[in-house]
Amino acid sequence: MSKNAIVVYINDSERTVLEFGWLYKTWLLWSINESWDIVAFTNPSVVEDVKSKYSHENLKVIEMLPADNPVTNSYAMFEDENNVDILREYEFLFRTTCDSFLTRYFADFKPWKDKVYVGIGLHAASTHPGDLVREKLSILSDTFGLKWHGISHIGSSVLANFEIMVHLSKLQTSIAKWLLENGFPNGNGSYPSWFKGEVSQYAHEIAINNITGPLGLHQGSIDSWCGNNEITSLDLHIKSWPQSNQGFFNKAKYHAGELPKIKFSKVPKQAGDYCMFIVDTDLKNMLDINK
């Protein structure tokens, strides 16, 4: 058992079970398993499949029924006090998604106890619609009686100490539920304007702004780009962004069999190539190449 844990939710799809393997392989490739456990809250219908494919003493697979609002699955585990008790033994928690990749630099990363680490998101990225979204989030934050520091473009993954993570995740869940019930009286909207498909991100941004300010936040080392950018010591974790640009690892094209199969003789330094290396190379070969 390690003192920290990576927390994910695995839903009932073969694709998500496969994508969890990307996170799992990078966890082992860089010996991150020596300092971080993985706690995978998992839909009961795929628990046995996950356990048969991924087995390690520092991997905990916990059955979890999907939330009433499935969009909240990746953070709703904190609503159940039994799950909170499972996680209580850890000092730091990194809440992320299965379709992501740890880098070599995560292994030596030592988080600060009072810092909240987040990535960069695109739910309010464009100038005009994005401004309207941010203004709406500010108004909603005031309506809820919460603090608003104007922090924006927050990614979905988050790393923080246990107490902050529990508080943050519970608040995000309650805000997301309210938005789903009350935030779209005139239809679902559309991206990049106000859009029901971005409820989790909106709730996350409101919750982060309430819990910490600019001095307590570190943004950008997680949810990094999977493009032609070189992986630097600032990049701890890479997100499978859904770009169509050929220079990026595109998971939709990967699942459709539209990406080329590339054999690598060494671990790539470019993020997009690194993601391709992870998804196309079995764990044994990866470990041999990295020797």
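Since this is a predicted model, take the numbers as computed values, not measurements.
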Please find out if less than 6.0 Å separates the ring center of [X] from that of [Y].
| X | Y | result |
| --- | --- | --- |
| Tyr117 | Phe109 | yes |
| Trp22 | Tyr254 | yes |
| Trp194 | Phe184 | yes |
| Phe162 | Tyr90 | no |

request  = May I have the step-by-step check of side-chain hydrogen bond (donor to acceptor under 3.5 Å, both in side chains) for Ser138 and Ser141, ending in yes or no?
outcome  = CA-CA 5 Å; Ser138 173; Ser141 182; over 6 Å; no
Smallest separation among heavy atoms of [X] and [Y], with atom names:
| X | Y | answer |
| --- | --- | --- |
| Lys147 | Asn210 | N-OD1, 3.0 Å |
| Ile10 | Ala40 | CD1-CB, 3.8 Å |
| Ser240 | Phe101 | OG-CE1, 3.4 Å |
| Asn83 | Ile62 | OD1-CG2, 4.3 Å |

note = side-chain contact (heavy atoms from CB on, under 4.5 Å) test vs Ile206 passes for just one of Ile154, Leu171, Ile175, namely Ile175
Any donor and acceptor pair, going by atom type alone, linking the side chain of [X] with main-chain N or O of [Y] inside 3.5 Å?
| X | Y | result |
| --- | --- | --- |
| Asp273 | Pro268 | no |
| Asp37 | Val39 | no |
| His149 | Asn209 | yes |
| Thr72 | Asn69 | yes |
| Asn73 | Pro70 | yes |
| Lys253 | Leu259 | no |
| His237 | Leu102 | no |

task = Could you tell me whether Glu63 and Lys51 have a side-chain N and a carboxylate O separated by less than 4.0 Å?
result = no
ask   = Can a salt bridge be assigned to the pair Lys170 and Glu79 using a cut-off of 4.0 Å between side-chain N and carboxylate O?
value = no
query = With a 3.5 Å cut-off and no angle check, do the side chains of Asn82 and Asp85 form a donor-acceptor pair?
reply = no
message = Side chains of Gln172 and Ser200 only: does a donor on one sit below 3.5 Å from an acceptor on the other?
response = no
Are [X] and [Y] connected in the hydrophobic side-chain network, where two residues link if heavy atoms are under 4.5 Å apart?
| X | Y | answer |
| --- | --- | --- |
| Met286 | Leu59 | yes |
| Phe249 | Leu23 | yes |
| Trp148 | Ile139 | no |
| Ile120 | Leu137 | no |
| Val158 | Tyr75 | no |

query = Does a side-chain heavy-atom distance below 4.5 Å link Ile222 with Thr96?
reply = no
query = Heavy-atom distance under 4.5 Å between the side chains of Asp99 and Phe20, does that happen here?
reply = no
query = Do His56 and Trp27 pass the ring pair (Phe, Tyr, Trp, His ring centres under 6.0 Å) test, and can you show the C-alpha distance, the side-chain angles, and the key distance before you say yes or no?
reply = CA-CA 11 Å; His56 191 280; Trp27 177 65; 4.9 Å; yes
query = Any cation-pi pair here, Lys239 with Trp225, using under 6.0 Å and within 45°?
reply = no
request  = Quick one: list whatever passes ring-ring contact (aromatic ring centres under 6.0 Å, His included) with Phe92, sequence neighbours left out.
outcome  = none
task = Enter the distance from Gln219:CD to His153:NE2 here, rounded to the nearest 0.5 Å.
result = 8.5 Å
Any residue meeting side chain to side chain contact (heavy atoms under 4.5 Å, CB included) with Asp235, in chain and number order, not counting sequence neighbours = Ser224, Ile231, Thr232
message = Can you tell me how the ring of Trp36 sits relative to the ring of Phe94, calling it parallel under 30°, perpendicular over 60° and tilted otherwise?
response = perpendicular
